[in-house]
There are 2 protein chains.
Amino acid sequence: MVLTEKQKTLIEKIGIAIEHEGLQPVAARIIGLLYVSDKPELTFDEITAFLRISKSATSNGVNLLLQTERIEYITFSGDRRRYFRLKISDWRNAFTRRIESMTKFNVVLREVLEIRTKETPEYNKNIEEVIDFMDYVSEQMPILFREWENKRK
Amino acid sequence: MVLTEKQKTLIEKIGIAIEHEGLQPVAARIIGLLYVSDKPELTFDEITAFLRISKSATSNGVNLLLQTERIEYITFSGDRRRYFRLKISDWRNAFTRRIESMTKFNVVLREVLEIRTKETPEYNKNIEEVIDFMDYVSEQMPILFREWENKRK
DNA sequence: ATTTTAGTTCTGTAAATTATGAACTAACGG
DNA sequence: CCGTTAGTTCATAATTTACAGAACTAAAAT
């Protein structure tokens, strides 16, 4: 298998998008590759070859992505290699985690509110609103999933 | 005005949290300072002094935060200085932008779907689901705001 | 007119990040 | 037990980032 030009440019595009989310370039490109690859599962060596990177870069990349649960791997009996693939079927959890990473800022916002001067009621009220809204959002998340499922049918 | 120990440690805590969102340390600490400061508006020099950073660091920091619309400034007649403050009253827009930054990945996901082999229907279906769900989320955003407002009353 | 204020911009650099290549390891295959 | 495969680890090189400090600018104050 060889990559088409379209696939290559899309890998770069996805790479940059994911990089902006804070991942290192190689890891971001591995994700891009797994998105466009005709085979959804690729071995360590295939990743190394397609992206023309060193084995150590691949090793670091896949391990980072495994840790952060963006990819996973499967194996086949009689084959020592790991076949890496996107944990795309896991997108519900991934989305939930991203929302949670926003709402967890509420913990420190509550601390802010505690030590803030009471001389600035309007300002403080804004902070309270943010906290309250983010709490509401976390609470509504399961409902959002449920209603989306319903709508689909 | 001088910062208490509590304020100082909270600035660092907020700083680290915001850094994880991809901002550079100084910019993140400026946000932290504006959160805990008794005066919600601070001048360039006050920021420089409180954080013990150079003027160039302050200049870079505030300009970055202005560009990304995390802070804004007001002025007073007869006073040349700018008074910087968090755009906290703008948190609805900020939240919307963060959701949009997630949903904009849909643009590239649609491209992926276009060029993907049709030999992997299950995999492709997962991608379609993500796209559909994210579309649903953007669509539900205004409703979420509205219902939260209602609930508040 | 010159000094002060409120910043900006430029240059250098220290530190952090990211990737390479080579050496290594552990399991398997013959 | 010797070679190969599938990866990991380590030392190091290259690149990027983030900041300091000094020189600079434009407007306002004296």
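Just so we're on the same page: letters track the sequence lines, and every chain starts at 1. Any value given below was found using the heavy atoms of this structure, including those in side chains, with hydrogens, waters and symmetry copies removed.
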Exercise. Hey, does the side chain of A/Gln24 come within less than 4.0 Å of C/dT17's phosphate (OP1/OP2), counting only N and O?
Worked result: no
Problem set entry | Distance (rounded to the nearest 0.5 Å) between B/Arg29 CZ and B/Ile18 CD1 | 11.0 Å
For this session: Name the residue closer to the 5' end of DNA chain D, choosing between A/Thr43 and B/Ser54 according to the nucleotide with the nearest heavy atom.
Result: A/Thr43
For this session: Give the rounded distance in Å between these two atoms: CZ of B/Arg29 and P of D/dA18.
Result: 12 Å
Seminar exercise, completed: Taken to the nearest whole Å, CZ/A/Phe44 to P/C/dT25 is 17 Å
Exercise. What integer distance in Å separates B/Glu46:CD from C/dG7:P?
Worked result: 11 Å
Exercise. Between D/dA6 atom C1' and A/Tyr83 atom OH, what is the distance in whole Å?
Worked result: 12 Å
Problem set entry | Pair B/Glu5 + B/Lys8, salt bridge at N-O below 4.0 Å | yes
Exercise. Does B/Arg98 come within less than 4.0 Å of B/Glu21, counting only side-chain N to carboxylate O?
Worked result: yes
Exercise. What is the nucleic acid contact for A/Arg80, judged by heavy atoms within less than 4.0 Å: base, sugar-phosphate only, or nothing?
Worked result: base
For this session: Determine: side-chain N/O of B/Arg82 to OP1/OP2 of C/dG7, distance under 4.0 Å, yes or no.
Result: yes
Exercise. Less than 4.5 Å apart, any side-chain heavy atom of A/Ile127 and any of B/Trp91?
Worked result: no
Seminar exercise, completed: Quick note, B/Ser56 side chain, CB onward, closest among C/dG7, C/dT20, C/dC10 is C/dC10
For this session: Could you check how far NZ of A/Lys55 sits from P of C/dA23, rounded to whole Å?
Result: 13 Å
Problem set entry | Basic-acidic side-chain contact under 4.0 Å: A/Glu46, A/Arg81 | no
Exercise. Which parts of residues 57-67 of chain B get close to DNA chain C, meaning a heavy atom less than 4.0 angstrom away?
Worked result: B/Ser59, B/Asn63
Exercise. Rounded to whole angstrom units, what separation is found between the CG atom of B/Leu23 and the C1' atom of D/dC19?
Worked result: 16 Å
Problem set entry | B/Val36 side chain reached by B/Ile14 side chain, heavy atoms, under 4.5 Å | yes
Problem set entry | Any side-chain heavy-atom pair of B/Glu129 and B/Asn126 under 4.5 Å | yes
Exercise. For A/Asp79 and C/dA27, what is the distance between atoms CG and P respectively, to the nearest whole Å?
Worked result: 17 Å
Exercise. Which listed nucleotide (D/dT8, C/dT18, C/dT8) is nearest to the side chain of A/Pro25?
Worked result: C/dT18
Exercise. Between C/dT20 atom P and A/Ile53 atom CD1, what is the distance in whole Å?
Worked result: 6 Å
